[in-house]
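The analysis underlying the following values was restricted to heavy atoms, covering all of them including side chains, and did not include hydrogens, waters or symmetry mates. Atoms within each ligand, like the ligands themselves, are counted from 1 in listed order.
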Amino acid sequence: MGKLMIFDHPLIQHKVSLMRMQSTPTKDFRELAKEVVTLMTFEATRNLPLKQVEIDTPICKATVNMLDGEDIAIVPILRAGLGFVDGMLSLVPNAKVGHIGLYRDPDTHLPVEYYCKLPNDIDKRWVYIVDPMLATGGSAVAAIDFIKQRGAKRINFICLIAAPEGIQKLREAHPDVDIYCAALDDHLNEHAYIVPGLGDAGDRLYGTK
Ligand code: PRP
Ligand code: URA
């Protein structure tokens with residue numbers, strides 16, 4: 001079974017609490033999203049493989065550990081997942097970025113696909129799917145289905161807030177995927193929104209509605 005990590009770091013908890021507040025404006029919400037995902041990326045990339053590289057220090061030759069940037073793909077689920085890309089790229093600037101467009105049908109709450117463009121070599125990369133909200137889990141499961149159809153095996157899912165229902169669905173459908181959440185909330189309401197949550201993540205990021 002993949003890892004399930006709920007972050008308890010005080011900086012992450014504080015920033016997520018600010019994001020939950022209805023009074024937090026779009027500009028601050030965007031900045032906080034970037035800060036939180038950057039902090040989460042630090043931990044979520046802990047298992048990335050290193051390669052040994054020979055370099056010259058001012059003193060001597062040395063064999064040192066370095067990341068192989070060619071190894072990583074970040075895949076935001078549009079549109080809210082886009083708000084996470086810059087924070088991740090600030091730590092892994094050579095990563096490739098794929099995009100999966102999904103929206104939830106307002107009546108059925110099921111994901112509807114409208115776009116999918118992934119790096120050709122996604123099957124060889126460590127994949128980080130990013131989306132602020134894991135509610136019913138339908139969008140995450142569909143996104144991971146696409147990526148597995150392209151051959152990817154090493155998949156991580158990073159979200160800001162998860163509902164227990166979403167975690168359960170994702171773990172049942174894709175038990176091999178590591179899940180990283182900044183907060184695990186209480187339940188879903190009758191509109192499949194996370195309670196207490198932060199509202200509609202896309203609207204909060206882009207100032208729509
Ligand atoms: C939100 C969110 C997730 C999805 C989560 O996107 O960003 O993608 O809902 O819900 P689920 O776990 O029940 O599938 P939304 O469909 O609102 O689209 P948007 O990002 O374009 O606003
Ligand atoms: N999508 C959101 O943006 N927020 C929720 O609470 C659930 C799904």
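For ligand 2 and Ala135, the ligand atoms under 4.0 Å from any heavy atom of the residue are 7 (C), 8 (C). Each of the atoms 3 (C), 5 (C) of ligand 1 lies under 4.0 Å from some heavy atom of Met133. Below 4.0 Å from some heavy atom of Tyr103 lie the following atoms of ligand 1, by number and element: 16 (O).
For the ligand labelled ligand 2, residue Ala192 lies inside the 4.0 Å heavy-atom shell. Within the 4.0 Å heavy-atom cutoff, Gly137 counts among the residues contacting ligand 1. Within the structure, ligand 2 lacks Arg204 among the residues with a heavy atom less than 4.0 angstrom away.
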Report task. Tell me, with the steps shown, if Arg150 and Asp123 meet side-chain contact (heavy atoms from CB on, under 4.5 Å). Result -> CA-CA 6 Å; Arg150 304 282 196 94; Asp123 55 317; 6.0 Å; no
Report task. Apply side-chain contact (heavy atoms from CB on, under 4.5 Å) to Asn156 and Asn47, showing your working. Result -> CA-CA 11 Å; Asn156 302 273; Asn47 294 330; over 6 Å; no
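Both the backbone and the side chain of Ala80 come within 4.0 Å of ligand 1, judged by heavy-atom distances. Proximity of Thr136 to ligand 1, defined as any heavy-atom pair under 4.0 Å, is shared by backbone and side chain alike.
Considering both main-chain and side-chain atoms, Ala201 comes within under 3.5 Å of ligand 2 through a nitrogen or oxygen pair. Among the atoms of Ala135, some N or O lies under 3.5 angstrom from an N or O of ligand 1. For Arg79, a nitrogen or oxygen atom sits less than 3.5 Å from a nitrogen or oxygen atom of ligand 1, counting backbone and side chain alike.
For atom 13 (O) of ligand 1, a protein heavy-atom neighbour is found at a distance under 4.0 Å. Remark: atom 5 (C) of ligand 1 lies closer than 4.0 Å to at least one protein heavy atom.
Closest heavy-atom approach to atom 2 (C) of ligand 2 among the candidates Arg104, Met133, His109: Met133.
For Lys169 and Glu165, the salt-bridge test fails: no basic side-chain N is under 4.0 Å from an acidic carboxylate O. Salt bridge present: Asp185 and Arg20 bring a charged side-chain N and a carboxylate O closer than 4.0 Å. Using a 4.0 Å cut-off between charged side-chain N and carboxylate O, Asp56 and Lys61 make a salt bridge. Using a 4.0 Å cut-off between a side-chain N of Lys or Arg and a carboxylate O of Asp or Glu, Lys148 and Asp176 qualify as a salt bridge.
Scanning the protein for heavy atoms near atom 10 (O) of ligand 1, the closest one is Arg104 CD, 3.2 Å. Distance from atom 17 (O) of ligand 1 to its nearest protein heavy atom, with residue and atom name: Asp200 OD2, 3.9 Å. With hydrogens left out, the protein atom closest to atom 5 (C) of ligand 2 is Tyr193 CD2, 3.3 Å, a heavy atom. Atom 6 (O) of ligand 2 has its closest protein heavy atom at Ile194 N, 2.8 Å. Asp131 OD2, 2.9 Å is the protein heavy atom nearest to atom 3 (C) of ligand 1. In this structure, the protein non-hydrogen atom closest to atom 4 (N) of ligand 2 is Gly199 O, 2.9 Å.
Taking 4.5 Å as the limit, some side-chain heavy atom of Phe146 sits within range of a side-chain heavy atom of Glu113. By the 4.5 Å heavy-atom criterion applied to side chains, Cys181 and Ile167 are counted as neighbours. Two residues are said to be in side-chain contact when any heavy atoms from C-beta on lie closer than 4.5 Å; Ile161 and Met19 fail this criterion. Side-chain atoms of Phe84 and Leu160, non-hydrogen and from C-beta on, do get closer than 4.5 Å to each other.
Linking Ile, Leu, Val, Met, Phe, Trp and Tyr residues whenever their side-chain heavy atoms come within less than 4.5 Å leaves Ile122 and Ile158 in two separate clusters.
For Arg79 and Tyr114, the positive end is not near the middle of the six-membered ring at less than 6.0 Å and at most 45° from its axis.
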